[in-house]
Chemist: 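Please find one structure pasted underneath; my questions will follow.
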Amino acid sequence: MTSILETRSLNKSFGGVHALADLDIKIYQGEILGLIGPNGSGKSTFVNVISGFHKPDNGEISLLTDTGMKNIGGKIPADVASYGIARTFQSSKPFLNMTVLENVTIAAMLRESTVPRSKAKAAEMIEFAGLGSFKNTLAKSLPIEQRKRLDLCRGLAIDPKLLLLDEVMAGLNPREMESGMELISKINQRGIAILFIEHIVKAVVALCSRVIVLNQGSLLAEGTPKEVMNDDHVIEAYLGEGFQKRGEPNA
Amino acid sequence: MKKFVFKVFVVLALCSLVIGVNLNVIAAPKVVRIGFLNPLSGSNADAGQQDLNAAKLAVEDINNSGGIKSLKAKVELVIEDSTSDAKEAASAAQRLFTTKKVAGALGTGISGLTMPIQPIVERYRIPIVTNSVNDDITSKGYTYTFQVTPKGSQFGETQVNFFKYINDKYKLGLTKAAIVYENSGYGVSTAEGIQTLAQKAGLKVVLYQPYPHGFTDAGPLVTTIKSSGAEILFPVAYTTDAVLIINTMKAMNVSPLIIGGGAGFLWPAISEALGKNVNGLISVASWNWDSKNITEDPNMVAITERYEKKFGGFMTEHAGPSYLGVRLIAEAVDRAHSDDPVKVAAQMRKLSLAKGTIGAFMQPGRVKFEASGWNTTHPVMIQWQDNKPRTVYPEASATRSFDPSFLKK
Amino acid sequence: MKNLNISKALPGIFLVIALIFPIFIHHDYVMHISWMIFLFAAMGVGWNLIGGYAGQLSLGHAAFFAVGAYTSALLYANFHLTPLIGGLAGGIVAMVFALLIGYPCFRLRGPFFTLSTIAFAEIVRILLLHFTGFTGGALGVTIPFTGERPLYLQFYSQVPYYYIALAILAAVLVFAFLFERSKTGYYLAAIREDQDAAESLGVKSYRVKLISLLCSAFIVALCGAFFAFVSGYIDPDGVCSIDFSTEIAVIVIIGGIGKLWGPVLGAALIIFLTEATNAYLGSLKGGAGMLLYGILLVVVVLTKPEGIISFFNIGKSKGGESIDDKHIGNAVTE
Amino acid sequence: MDGTSFMQSIINGLMIGGVYALFAVGLTIIFGVMDIVNFAHGEFLMLGMYLTWALSRFFPGVPYWLIIIVAPIMYVIGYFVYKLSVAKIIGKGHGLYILLTLGIGVILQNGALLLFSSDYRSINSVIKSAAINYGHFTIPTGRLIAFIMAIVCVIILNFFLNRTNLGRAMRATGEKSEVAKLLGINTEKTFAIAFGLGIMLAGISGLLLSPIFYTYPRVGVLFQTTAFVVVVLGGMGNVVGALIGGLIIGVMEALTGAYISLDLSILSTFVIFLLLLFFRPYGLFGKARGI
């Protein structure tokens, strides 16, 4: 299992608060890695540091490229994207006054040389993501599910090797979550590794082959979803001290 | 379709408005129009206002004495505000020359506004009389520009000669000179004149310093003057900076002999600003109301008195030449028997007006334009005495002698 | 992006009207006003590339105008070079200046960028004044008018200037039309919508803004060269003043910022109104014309912030309505 | 350039710096609280000068005591200018307030030209060229008074902003206006007061300048661009920063003028400005936001 992304003693603190503390994390090729942890555990910071929006204090981030592992720590977001890492934002950030097609075309332009080719690619991606019927609607008039789907679709359009999904499922009803998970596994089948940051345990268990847990910026646990869910430390971190283990935590 | 029609309608409306604005019909032949182009707004508005007063008086005087006799026509002044912006001045000139049939025009008193107008004047072959002093105005081969006043480079000559005159006469023994000038067309051309002459006259130029016009504090400038040890100061500035320099020098008791470079050191505003402290101040001037060529001719004196009565202040350095400019154009129209600008220009080039005519209004007492369009004249030196600038040099033009009592101070 | 909701024919119709207009009306003053409108419109379209599409409000574009004017005028004064080449040289020199200001200034946002463009233009003006030996300093540069010299853009009649200015405007509009639809155009719209989201998709906002500034500088410099030869005299305070930079910006903002036709409409309105007020009110009392201009400015801002163009709904903008800059407070991108 | 003229340059710099500072303090308050740069600030300075000049014709002599009339009038003018115009475009993007304030500036400037004509007005009082000569140094009295008044105003202002409720409300609004609204602060009123205060300070600077300077419609332009530099140097919205920034710019201008060349003295201001914007955009003392 060759890893596509590795961090070695990754550190980031904001004014004394250690958001990330000596993190060594590996994401393997083609896997869907779940990343869970209570609020404020550093999940979003981790995504922001990997995607270049925050500069790491120290430590290394290396990404698999055709010429072997390359250190991408400290690169600006645009470079990180061109190396092949796409991301979505916790609160979706579409280009509001543009249509869905225009939104995705912007992303497709990273790899496609001309505007018409980018548009064609974008149309293709839109169909793939099931947004066909919304192609010419303005992003600002899309409901929450379609906005999330648009974020995903835009990320796809830059042909990433790794897709960072930051709480893509938040705010969706069960039916929407079902089709969301379907789309994510469809994306994964195209060989794109996914870092799946989510609170909804059901989705993590269903999609992820492996899960890592962060707490106060450091790695608390790692393993299959089942192992992690039953790990005492994890339960303690989530539910606070004083709770005994009571078998399978209900969804 | 409806929206489309609406849009085409708007565009056509805009175009017709542009056309309608200016195509008024040519007035009855009985009026000769003389254009007036000077800054009535912006930073040079105070100079423009002096020119406007003089031009109005000139037109009044012409009409009171029978207008243009050969055409039996009254004269009308067509006023355009050139503003103090060069681009707008060019548009104003374009508007004046193409939409109003003028026989000639007066404009402008500010070098930086006259030069952008000259190509337009040349294009429409309309004679203009300017009282701005920059040497370039009559050195670029323009044939329809007539410069009534002395040139910037002559200012230096007169200032240095005058200094030598009083330096010898009163044995002042001063040798170290500082030249500070406003970094503008007027400032640069005047300062270069002073520098070349001062060196030739054996003066030691210890400071040759441009300063940004419209500065907020004369402190640094006066400090530089003080540390340069200059005994004579040749400042070239408009009113705002001149007042600041003199006040700050008084405050820092730096008191070299000041020989002003015209404009700011000569206009009424400085006497309002300095009160009686202005008396004794010397300055070069492109024209002064009490030079001998005027005081010895009752008609000329009458003009300056009419000006003072009408506008409540002595006729200023800008007003005199502007008045003369309008009268010269009227004279040329009269001699050309036509208000066709090309004919008027031809007459202007032939003008040779000496004593007894309006030509006496400009020292040394005659008006004659060279091929370059420059009227061969020379600046005069004035000294403020009882809050009025009095001509004290050269002797041929002086009506008052220089009052040395101020030198001791 | 092509959802301009005007009929495709309208630009063609405007061009035809403009081409035949001088046949019917060729009074020199009307021609003068027209080429002034075309010139300011072309500069406005140039300014709009950075001010509208990239949302970077510059109040220092007179610096590029001055660089274009001075380069072409000095090339003429020293080597008798025709402005057809001198103008291009001016454009290139202006692009170099754009690199100088672009690199440092694009890390700034909101009022800080605007203030730094003011400082940049003032520095250019002061240097033009200071190096008298090279630029003629305060004495300025004269290009004497010595009769009909087409190679040096000198004509007796104003009609040729009308057509040259029209050609410049048409070329600039076509460029802007294609620019809007180019990758850079899309990227600029994306940046204006949400710079973080755009950067996460690989958009190098700094490089894209620099490209739009380079194009903008080239266009405005070209207009500077044209103006230098038509007016025959340029001086630092005339071509590089704060008031002039502000006028270019005001024309686009009033006409409709971020919209292809905004600058054209703004130029027509402002130039026409300034001329009309100066023609009728100028001689009345100094300042009356400008007072009306000030009142118009305030009224437009308070009643119709998106600019006059929204009345006509020509060329719906792709992206931001007005200059909505969300990162107002902090000066620097993280 | 011997020692004395170096010291004299420092004095010159501090003296004009006092005036720059007081003028900039008004600008920095408006920015600190309302996040807008007032491009008509110079014209309000001009308004203050004309007001003082007009009053001094009825009350001749040294005009400084006129502050008790000029200050409130200018505050009221500022308050209503905000209510009638600026209030309508708050939060609608920074391009609009630049245009609006530019428009207000053009109106004030040309209105003054129409009312007072373009002649130069000055107040004939002893202050005009009075100075304290100490050894071979000279301290112009008029500018010294302006310098002291600037310091006094900043101290009072600082006290007001930090100690009084209204002051704290203004700082809160400056920090995060949405949050301030939630806490029940009437941001509308705070904005109006801040703008009124800013314009009052511009008026006071006008009063201090009128005895030692000349008044004409475009006088504001001379001070405005420098004030932008001072505000950024001191940190947008930082009152004490604006005072220190003003003094630094004054001294820099004086020294460049004395040691390099006079016509480049303003250049030094702009070069500092650009360097500052790139390396310390929050100014020497400023925080990211608020006052």
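Here is how names work: the chains are called A, B, and so on, in the same order as the sequence lines, proteins then strands, and each is numbered from 1. Just so it is clear, the model here is predicted, and its values are computed rather than measured.
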Chemist: Relative to chain B, which segment of D:L222 carries a heavy atom at a distance below 4.5 Å: side chain, backbone, both, or neither?
Modeler: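 Answer is both: backbone and side chain atoms of D:L222 are under 4.5 Å from chain B.
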
Chemist: Between D:S265 and chain B, with a heavy-atom cut-off of 4.5 Å, which part of the residue counts as in contact: side chain, backbone, both or neither?
Modeler: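 The answer is the side chain of D:S265.
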
Chemist: With rounding to the nearest 0.5 angstrom, report the CG to CG distance, D:L262 to B:L207.
Modeler: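 It is 8.0 Å, given to the nearest 0.5 Å.
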
Chemist: Enter the distance from B:D241:CG to D:Y214:OH here, rounded to the nearest 0.5 Å.
Modeler: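 OH of D:Y214 is found 5.5 Å from CG of B:D241.
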
Chemist: Let me confirm one number: the CZ-CG distance from D:R218 to B:N44, rounded to the nearest 0.5 Å.
Modeler: 9.5 Å

Chemist: Counting only non-hydrogen atoms closer than 4.5 Å, does B:A273 touch chain D with its backbone (N, CA, C, O), its side chain (CB onward), both, or neither?
Modeler: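 Both parts, heavy atoms under 4.5 Å.
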
Chemist: Please state whether the side chain, the backbone, both or neither of D:I212 comes within less than 4.5 Å of a heavy atom of chain B.
Modeler: backbone

Chemist: Side chain, backbone, both or neither: which part of B:Q209 has a heavy atom under 4.5 Å from chain D?
Modeler: side chain

Chemist: Distance check, rounded to the nearest 0.5 Å: D:Y20 atom OH versus B:T216 atom OG1?
Modeler: 2.5 Å

Chemist: Look up atom OG1 in B:T240 and atom CZ in D:F213, then write down how far apart they are to the nearest 0.5 Å.
Modeler: 7.5 Å

Chemist: Mind listing the closest non-hydrogen atom pair of B:P220 and D:A254 along with its distance?
Modeler: CG-CA, 4.0 Å

Chemist: CE/B:M252 to CD/D:Q8 distance, rounded to the nearest 0.5 angstrom?
Modeler: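 If we round to the nearest 0.5 Å, B:M252:CE and D:Q8:CD are 3.5 Å apart.
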
Chemist: Taking side chain as everything from C-beta outward and backbone as N, CA, C, O, which of these in B:D46 sits under 4.5 Å from a heavy atom of chain D? Side chain, backbone, both or neither.
Modeler: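 The answer is both parts of B:D46.
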
Chemist: Using heavy-atom distances under 4.5 Å, tell me whether D:R121 contacts chain B through its side chain, its backbone, both, or neither.
Modeler: neither

